[in-house]
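See below for the structure under consideration.
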Amino acid sequence: MKAAARRFSCHKVPVMPRYTPAEIETRWQQAWEKDGVFQATRNADKPKYYVLEMFPYPSGRIHMGHVRNYTMGDVIARYKIATGHNVLHPMGWDAFGMPAENAAMAIGGHPADWTYANIAEMKKQMKPLGLSIDWSREIATCHPGYYGQQQALFLDFLKEGLVYRKNAVVNWDPVDMTVLANEQVENGCGWRSGAPVERRELTQWFFKISDHSEELLSALDSLDNWPAKVKLMQANWIGKSRGLQFAFSTIEAPEGFDRIEVYTTRPDTLLGASFVGISPDHPLAKTLERDDEAVAAFCAECRKGGTTEEAIETAEKLGYDTGIRVRHPFDTAAELPVYIANFILMDYGTGAIFGCPGHDQRDFDFATKYDLPIISTFLPSEDASPKLSEAYVPQKSEKVFYNRGFAGDQWQTGEEAVDAAIAFCEDNGIGQGVTKFRLRDWGLSRQRYWGCPIPVVHCDDCGVVPEKKENLPVELPYDVTFDTPGNPLDRHPTWRNCACPACGKDALRETDTMDTFVDSSWYYARFTAPRADTPTDLEEAAYWMNVDQYIGGIEHAILHLLYARFFARAMQITGHLPEGAAEPFDALFTQGMVTHEIYQTRDGNGRPIYHLPEEVEKLTFQDKSVYVLKSKLTEEGYFKEGQEPSFRNSIAKAYTSFPHHAVEVIPSAKMSKSKKNVVDPLHIISNYGADTARWFVLSDSPPERDVEWTASGAEASYKHLSRVWNICDRVGEMDREAAGQGDEDLLRAMHKTIHDVTMGVESFGFNAAIAKLYAFTATLQKSKAGYAAQREAIMTLAQLMSPMTPHLSEDIWAHLGGEGLIVNAPWPKADEAMLVDDTVTLPIQINGKRRAEIQVPADMPKEEVEKVALAHEAVIRTLDGASPKKVIVVPGRIVNVVA
RNA sequence: GCGGGCGUGAUGGAAUGGUAGACAUACCAGACUUAAAAUCUGUUGGGGCGUAGCCCCGUGUGGGUUCGAGUCCCACCGCCCGCACCA
């Protein structure tokens, strides 16, 4: 408790009954647990509701971001329980991954021990939040009970052709000694280690996600309750394009390269071609490289660039003229040079392009540099000059004039021209229309210990053989060490050596484990039957799926959510999910972060030193504030036990006038340990209680936006909850018989609040709902109504608050004799009749500006309202004898007089 | 460069095209106190006047639609996020 509470001993102050969250919260958590109120079981009589928050990585400590995420889910879950739904609200641990191995390498110990200890610790920290979680369904992805089923899924996927093996150039992280997915490479560096990524060729396992590109893209349209932003990001990631693929025939090219295949999304500009460009990784470039040192040097130069940030920023268009020529498909007399160019990616299309400098800025820059022709194929108008000072690249939907078109009308949009050009080329045997996707197959092999073993065996005779299902799980051996880099499974002979499941001869286990994104791609389905001895139980899955509301961070917009969507489809194909569960998350909500100011001072060399919020003190004098280090205040003798409080003012005055020890305040940023701008949920809970923390993270900002944690805001939340508790106490003491005043007004306000809060919760407008609760609390506090009305009001208030502050609400409910637990009480319903007032206040506008207001009966006819309005003194004055041009009466809302 | 989002008091933010600034913070004032804390009450967008009141201006800037625009449309400025040599 705050120091303030300790000072209550002064006898003249009436000892108020105190809100004691520590006591209240444990009491009700025990009550819920005893009654098993959050245990979910199938029940055909009730509509089901599955609410899920993205499960955490067990780092060992919860942070405010978790609190916010899980509180939002909890509000939804509890609201849905109250509205008669059968709610599933589970929790688990995304428990495989590098940090456990890093810890083992850094401090010794075993990843499993480290992980399970963290899970225990984190669960202990989460419990006091009072979340409505069915802990009986808890899963940890590192438990054989989970990953064994994941292996079973893998084998079924393998049988269905959804997984395959191929040689691939992979991104090798030299620090983590592992392969990274393309998505895990950021600016040429490993997403976790930050080390520059190298290229290596290895045999790897891949999920055939690219087979589903079209479906994963088109199905985005059906996700009405997903943020448009996330859908857009996925659509861009999948990257569909339609274009033409065709070949140029070559002149003087090496053996086997009489043709160069190119892909273009602008075949309509074919007559603007002035060169052909190939990637430095194109087979032709690689062939030339072998015999020509200059080519080799150029290609090496290109490969070097592109990984560092600086190189990307300064990247100049570089080309190397190979001397090879190609014939234009429409005019075999026209020859184009073939360049190796650094800006062409081997990964995309065919790794070769034709350059059209007239309509592509990159090609334009390139052509200018190497003095190649720039040819316009279309113009903004018929008489526009075809001479260009930069590439002409209008929107594809814009109509333009084709001066060198070959298919379709002279005036047409880019889109029409592309279609016409593809059709023309197909008819004339020049090329084919091709749809391409940017999305690659998902490489899942990782050369790590702490992940799900890939359940296959390598046999000299039989090749790659799937492990038998009855031998699952292929368990990770416990006796491993991390003193040498690389994968300990590789050096574990007794684990690695095994019998071939097909022929029984000596064979070797696959030592790669799965990307941890695999673990999180199906956990939502496992929650529906977490102990089943198959990956899912179809009946359970059919009842509970899909997740009705999924809540998590925007950082998972692409990878996790795309993989999960792919997995749901793959699980459907392999019979692990029922019909209709291809899209696992009906609604998605991405919540903002919790931020905090950063407090910084500098050392003698000007380097920043960061300070925890509790290390600084805010001193305010009049309208000036300054932050000072508490240690400074103590050093200088200003901060002593029993210090005269009035002395504070003079200190504050001194510091704000001469801010010599001022701490620099950097605007709010995501809470991070390195910047020390963190607030530990455990401290907040022990100081103020979980309800305060829950209330605050919801109250100040819309949930999709970042919320700034402030000490004063948290304090205010606590005070408010105390106030509510005190009202409850006061109502409990009231004379049951004495008549009051304004019962009706209070109940009207109550019904209005029921309506507003319900709307707020339904639409994720938690901050607005809380504002209404604040307002209603103030009304209730001032109310002189009788006992019955006040009791009804505070009980309803408790119910409306219960999704956010469940413990306080239970306590109020019990204190005033509510039946059973509030968590089981049906959600209050607003009485429509009580929402409409008998008389309404209508603002009167004159020419759109508010000038007056009138009180009229709510059901007064328009004509009457108009008469009353026109009779108003302010209206008469403004009209000054003239008659109004027009009068608009919007019943119940407004009157506008047009003078 | 491409795509998306957002600009409202000192601050976080409210506002189905209908009284802009709800609610909260911060500040100031008052009550209670020897005092402070706590608690409670009240004020607070800017400007003006003949100051029980009234008027003018005000949601990034400039236009437009409308009886009426923070909200819709167009252009611009600024900030944030995502993607990015994608052929």
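Note that these values count all heavy atoms, side chains included, but never hydrogens, waters or copies made by symmetry.
Not one side-chain nitrogen or oxygen of A/R266 sits closer than 4.0 Å to the OP1 or OP2 atom of B/rA87. The phosphate of B/rA87 has OP1 or OP2 within less than 4.0 Å of a side-chain N or O from A/Y348. Dashed line: the shortest gap from a side-chain N or O of A/K229 to OP1 or OP2 of B/rG82 is not under 4.0 Å. Considering only side-chain N and O atoms, A/R438 lies under 4.0 angstrom from the phosphate OP1 or OP2 of B/rA84. The shortest distance between the side-chain N/O atoms of A/N767 and the OP1/OP2 oxygens of B/rA24 is not below 4.0 Å. Side-chain nitrogen and oxygen atoms of A/R723 include at least one within less than 4.0 Å of the OP1 or OP2 phosphate oxygen of B/rC40.
In this structure, the CZ atom of A/R362 is 13 Å from the P atom of B/rC2, given to the nearest Å. One atom, CZ of A/R730, and another, C1' of B/rU39, lie 15 Å apart when rounded to the nearest Å. We find that CD1 of A/I846 is positioned 9 Å from P of B/rC55, with the value rounded to whole Å. Rounding to whole angstrom units, CZ of residue A/R850 and P of B/rA20 are separated by 7 Å. In this structure, A/H872 atom NE2 and B/rC54 atom C1' are separated by 14 Å, rounded to whole Å. For the pair A/K849 NZ and B/rC55 P, the interatomic distance rounds to 11 Å; values are reported in whole Å. The CG-P distance, from A/L698 to B/rG12, rounds to 19 Å in whole Å. B/rG12 atom P lies 10 Å from atom CZ of A/R705, rounded to whole Å.
For A/K886, the side-chain atoms get nearest to B/rC67 when compared with the rest of B/rC23, B/rC83, B/rC67. Checking B/rC23, B/rU19, B/rC40 against every side-chain atom of A/Q781, the shortest atom distance belongs to B/rC40. Side-chain proximity of A/D700 to the nucleotides B/rU25, B/rA24, B/rG42 is greatest for B/rA24. In the set B/rA87, B/rU19, B/rC23, B/rC23 carries the atom at the smallest distance from any side-chain atom of A/A775. The side chain of A/I558 lies closest to B/rC83 when the candidates are B/rG18, B/rC83, B/rU25.
Comparing the C1' positions of B/rG17 and B/rC73 gives a spacing of 13 Å, expressed to the nearest Å. Taking the C1' atom of each, B/rC55 and B/rG63 are spaced 28 Å apart, rounded to whole Å. Comparing B/rU25 with B/rG13, their P atoms are spaced 16 Å from each other, to the whole Å. Straight-line distance between the P atoms of B/rC79 and B/rG68: roughly 35 Å, to the nearest whole Å. Comparing the P positions of B/rC86 and B/rG78 gives a spacing of 25 Å, expressed to the nearest Å. Taking the P atoms as reference points, B/rU8 lies 6 Å from B/rG60, given to the whole Å. Atom C1' of B/rA35 sits at a distance of 49 Å from the matching atom of B/rC80, rounded to the whole Å. Look at the P atom in both B/rG70 and B/rU16: the space between them is 13 Å, to the nearest Å.
Residue contacts shown for A/T710 are absent, as no nucleic acid heavy atom lies under 4.0 Å away. The residue A/L232 sits close only to the backbone: its heavy atoms come under 4.0 Å of sugar-phosphate atoms, none of a base. In this structure, A/V890 reaches the bases: a heavy-atom distance under 4.0 Å links it to at least one base atom across the strands shown. Here A/I344 lies in heavy-atom contact (under 4.0 Å) with a base. Counting any heavy atom pair closer than 4.0 Å across all strands shown, A/E708 reaches no nucleic acid atom. Contact annotation for A/S701: backbone-only contact, meaning every heavy-atom pair under 4.0 Å involves sugar-phosphate atoms and none involves a base. Residue contacts for A/N236: at a heavy-atom cut-off of 4.0 Å it reaches no nucleic acid atom on any strand shown. Within the 4.0 angstrom heavy-atom criterion, only backbone atoms of the sugar-phosphate kind lie near A/K719; the bases stay farther away.
In a base pair of the Watson-Crick type (N1 to N3 plus N6-O4 or O6-N4) or a G-U wobble (N1-O2 and O6-N3), with each distance short of 3.5 Å, B/rA20 is matched with no nucleotide. In this entry B/rA14 has no Watson-Crick or G-U wobble partner, no candidate having both defining distances under 3.5 Å. For B/rC2, the paired base is B/rG82 (Watson-Crick or G-U wobble, both distances below 3.5 Å). Across all strands shown, B/rA38 remains unpaired; no Watson-Crick or G-U wobble contact has both distances below 3.5 Å. Base pairing analysis places B/rG7 opposite B/rC77; the two distances defining the Watson-Crick or G-U wobble pair are each below 3.5 Å. In this structure B/rG50 sits in no base pair that meets the Watson-Crick or G-U test at under 3.5 Å.
For the pair A/R851 (side chain) and A/G848 (backbone), a donor-acceptor distance under 3.5 Å is absent.
Place A/G848 and A/T841 on RNA chain B by their nearest nucleotides, and A/T841 ends up nearer the 5' end. Across the interface with RNA chain B, nearest-nucleotide mapping of A/P843 and A/E704 shows A/E704 to be the residue nearer the 5′ end.
Residue A/R851 places no side-chain atom within donor-acceptor reach of the base of B/rU19, judged by atom type and a 3.5 Å distance cut-off alone.
Taking the six-membered ring for Trp and thresholds of 30 and 60 degrees, A/W695 and A/H720 have nearly parallel ring planes, at less than 30 degrees apart.
A 6.0 Å sphere centred on CD of A/Q432 holds no more than 12 heavy atoms belonging to other residues, nucleotides or ligands. Heavy atoms from other residues, nucleotides or ligands lying under 6.0 Å from NZ of A/K231 number more than 12. Summarising the local packing, NZ of A/K784 is surrounded by 12 or fewer heavy atoms from other residues, nucleotides or ligands at distances under 6.0 Å. By the neighbour-count criterion of 12 heavy atoms within 6.0 Å, atom CZ of A/R259 is sparsely surrounded, having that number or fewer from other residues, nucleotides or ligands.
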side-chain contact (heavy atoms from CB on, under 4.5 Å) between A/M671 and A/H596, intermediate numbers included: CA-CA 6 Å; A/M671 286 189 178; A/H596 197 284; 4.1 Å; yes
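No close placement of the A/H328 and A/F354 rings is indicated, their centers lying 6.0 Å or farther apart.
The glycosidic torsion of B/rG9 lies within 90° of 0, placing the base in the syn range.
Inspection of the A/E597 and A/Y599 side chains reveals an N or O donor paired with an N or O acceptor under 3.5 Å.
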